[in-house]
Amino acid sequence: MTDPRTPKEAGRGRDLRLRVLRDEPERPGGDYVVYWMTASRRLEWNFALDRALARARALERPLIILEGLRAGYRWASDRHHAFVLAGMEEHARRLEASPVAYLPYVEPEPGAGRGLLEALAERACLVVTDDAPVFFLPRMLEAAAEQIDGRLEAVDSCGLLPLAEVEQPYVSAYHFRRFLQKRLGEHLTRLPDPDPLGLDGDSRPPLPPGAVPESILSRWAAADEALLAREPSALAVLPIDHEVAPSPMKGGAAEGRARLERFLADGLSRYGDERNQPDADAASGLSPWLHFGHLSTHEVFHRVAGEEGWSPARLGDEANGKRSGWWGMSASAEAFLDELVTWRELGYGFCRVVPGYERYETLPDWALETLAEHAEDERPSLYTLDEFDAAATHDELWNAAQRQLRVEGVIQNYLRMLWGKKILEWSASPREALDIMVELNNRYAIDGRDPNSYSGIMWILGRFDRGWPERPVFGKVRSMSSDATRRKVSLDRYLERWGGQPGLDLDG
């Protein structure tokens, strides 16, 4: 493989993962280099961290990592905060004995962190951050570019294909898959450094020791041990939603990696045949760690390729858009990579090039037309947001999926599709259905607010799909039913755990 610390596109003369947000010269006389960690919240397999380290070493300056957590964003809750804080605690522990200075900053109230990045940038050689089309991050980067004094670079670590390669929205997974098959091969050996800081014992070029200036810490104090440990008393004083409790799943790279190892050992070989079976537990379950950047797509791909004994020489020659055959791996591995790479990066690319990707109006024309034609159809049942939220429908299976979402922060993959389709069928209008799906998903799902999560929600309404035989309410948008789902998949263990009486009081 080529040097993983130089993710430069061969023969094109520029780094497709690097985007200069504020084109000022570096300040060689600055006191340090800042890595502002926002989307790729990990210390391994991270192109942005690689870039920041490369500049710090070249300039012979210390590195400061600023990892922040805002309080004022929509859907901020104990669940999302706790997941991120687990990763911050891991970073603080691992970086304690390293020369890297680490500032885990958690806003005690909305807006309290305003000015922190600008203050750090005043004495910095440059600032490097993550580039990702996720939730409020693009707007936050635009604001930072206007406010800081000095050079600001954003580096894309989102997926195997650089986001800059995607210049148009793709209407289906098939069309995007053909594009991937033409362009992805040359990127598959350009991986980020698995251990850029040498924290796991590998030797790396020396780095001058750094410290966060006291003038910064006196105004923006680092998160204390109680908060990093997610102690209930520490979370309770934050101005966030305390009704959404932390998930049983724990954030952080170590937990994400442990989940990956379990999947490789027990789930990967069964994935092709059993991933849609709720009782089989063959799905990877990696989306929460991928969403918050605790786990890298590159690392997951690298581990799957290792399990398969794969090399790029096995890639297919023809870009035919087919789901299987191109990778040159087992059927289960190819089915998994189609989800991890094709579907995930389809969503990221779409969000990058389509402004307002979350709006109803960005659905394909055929879907907008058919949903409008059936907007006045009589619904078999109608439920309010509160009734959906409380799992208070007439459908035992739908209620079970909603209970899982509320308690764990995830829904089993196949049932997540049914969950959305029934919201469409039982809402007063498609627009209302979209609002309900977004609200429930983004409030409770650990991987909510993610481009891939929006892909799933919008797929319910026709995006990335095709027309099907026309039906009431759905029109030509694909429908799903609980009865058909019961015939297709095994649900005994799932319903034993998540079933129960409609309207179960989950807070009691």
Side-chain angles (χ1 to χ4, degrees), residues 38-42 75 80 83-84 130-138 156-163 165-166 169-177 179-180 184 247 249 251 256 259-260 263 271 275-276 283-301 304 323 335-354 356-359 362-363 405 408-417 419-420 434 437-465:
T38 61
S40 300
R41 294 176 180 263
R42 56 184 180 267
W75 301 297
H80 305 319
F83 204 87
V84 175
D130 304 317
D131 201 4
V134 177
F135 199 25
F136 58 75
L137 296 188
D156 160 27
S157 291
C158 293
L160 300 187
L161 188 78
L163 284 170
E165 286 273 28
V166 182
Y170 287 85
V171 298
S172 70
Y174 166 78
H175 289 95
F176 185 68
R177 195 181 293 114
F179 170 71
L180 277 177
L184 187 57
S247 166
M249 292 179 288
R259 176 73 194 193
L260 172 61
F263 170 66
Y271 187 86
R275 67 184 183 276
N276 288 333
S284 73
L286 297 174
S287 61
W289 293 275
L290 289 168
H291 167 65
F292 280 112
H294 293 163
L295 198 62
S296 164
T297 307
H298 289 87
E299 179 176 5
V300 178
F301 169 75
V304 170
R323 284 192 296 265
F336 173 67
L337 291 179
D338 197 50
E339 298 294 329
L340 177 75
V341 183
T342 302
W343 279 99
R344 183 172 182 273
E345 299 194 22
L346 170 63
Y348 270 74
F350 191 93
C351 290
R352 175 182 178 270
V353 299
V354 178
Y357 58 84
E358 75 283 5
R359 297 201 312 267
T362 61
L363 289 171
L405 176 63
E408 288 192 336
V410 298
I411 301 179
Q412 193 275 340
N413 288 359
Y414 191 78
L415 297 183
R416 193 169 185 168
M417 296 185 290
W419 174 87
L434 175 59
M437 283 188 282
V438 168
E439 179 62 28
L440 295 179
N441 186 74
N442 288 2
R443 187 181 190 207
Y444 293 113
I446 302 175
D447 66 352
R449 309 152 310 281
D450 187 87
N452 198 40
S453 191
Y454 274 99
S455 291
I457 289 173
M458 291 301 209
W459 177 87
I460 300 298
L461 299 163
R463 181 180 291 169
F464 305 139
D465 206 359

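In this text, all values refer to a predicted model and were calculated from it rather than measured experimentally. Keep in mind that the numbers below use all heavy atoms, side chains included, and drop hydrogens, waters and symmetry copies.
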- To the nearest 0.5 Å, atom CZ of Arg41 lies from atom OG of Ser157 at 14.0 Å
- Query: Do you know the tightest heavy-atom contact between Phe135 and Tyr357?
  - Reply: N-OH, 3.8 Å
- Between Trp289 and Phe83, ring centroids under 6.0 Å: yes
- Using atom types as modelled and distance alone, determine if a side-chain donor or acceptor of Arg443 lies under 3.5 Å from a backbone N or O of Gly448. no
- Taking side chain as C-beta onward, heavy atoms only, is Val410 less than 4.5 Å from Asp447? no
- Under 3.5 Å: donor-acceptor pair, side chain of Ser247, backbone of Glu408: yes
- Query: Heavy-atom distance under 4.5 Å between the side chains of Asn441 and Arg449, does that happen here?
  - Reply: no
- Message: I want to check something: taking the side chain as every heavy atom from C-beta on, are Phe176 and Val166 in contact at a cut-off of under 4.5 Å?
- Response: yes
- If you take all heavy atoms of Cys351 and Pro451, which pair is closest and at what distance? SG-CB, 3.6 Å
- Item | Interatomic spacing from OG in Ser287 to CD in Glu339 - rounded to 0.5 Å | 11.0 Å
- Query: CG of Asp130 to CZ of Arg42: how many Å apart, nearest 0.5 Å?
  - Reply: 8.0 Å
- State, yes or no, whether a side-chain contact exists between Thr342 and Arg323 at a heavy-atom distance under 4.5 Å. no
- Query: For Phe464 and Tyr170, which heavy atoms make the closest approach, and how far apart are they?
  - Reply: CE2-O, 3.3 Å
- Task: Nearest 0.5 Å please: distance from the CG atom of Leu260 over to the OG atom of Ser296.
- Result: 10.5 Å
- Item | Leu180 CG to Leu337 CG distance, which is reported to the nearest 0.5 Å | 11.0 Å
- Item | Leu160 backbone acceptor or donor facing Glu345 side chain under 3.5 Å | yes
- Side-chain donor or acceptor of His80 paired with backbone N/O of Asn442 under 3.5 Å: yes
- In terms of ring plane angle, is the pair Phe336 and Phe263 parallel, tilted or perpendicular, where the classes change at 30° and 60°? tilted
- Query: Are any of the side-chain heavy atoms of Leu163 and Asp131 separated by less than 4.5 Å?
  - Reply: no
- Query: What is the minimum heavy-atom distance between Leu295 and Glu299, and which atoms define it?
  - Reply: CD1-OE1, 3.8 Å
- Under a 4.5 Å cut-off applied to non-hydrogen side-chain atoms, are Trp75 and Val438 in contact? yes
- Task: For Asn413 and Ala283, work out which heavy atoms get closest and say how close.
- Result: ND2-CB, 3.7 Å
- Task: Would you give the length of the straight line joining atom CD1 of Ile460 to atom OG of Ser455, rounded to the nearest 0.5 angstrom?
- Result: 11.5 Å
- What heavy-atom pair brings Glu358 and Met458 nearest, and what distance separates the two atoms? O-CE, 3.3 Å
- Query: Can you find a pair of side-chain heavy atoms, one from Trp419 and one from Met437, that are under 4.5 Å apart?
  - Reply: yes
- Message: Could you walk me through whether Arg352 and Asp156 satisfy the salt bridge (Lys or Arg N to Asp or Glu O under 4.0 Å) test, starting with their C-alpha distance in whole Å, then the side-chain angles of each, then the deciding distance to 0.1 Å, before giving a yes or no?
- Response: CA-CA 12 Å; Arg352 175 182 178 270; Asp156 160 27; over 6 Å; no
- Under 4.5 Å between any side-chain heavy atoms of Asp450 and Tyr348, yes or no? yes
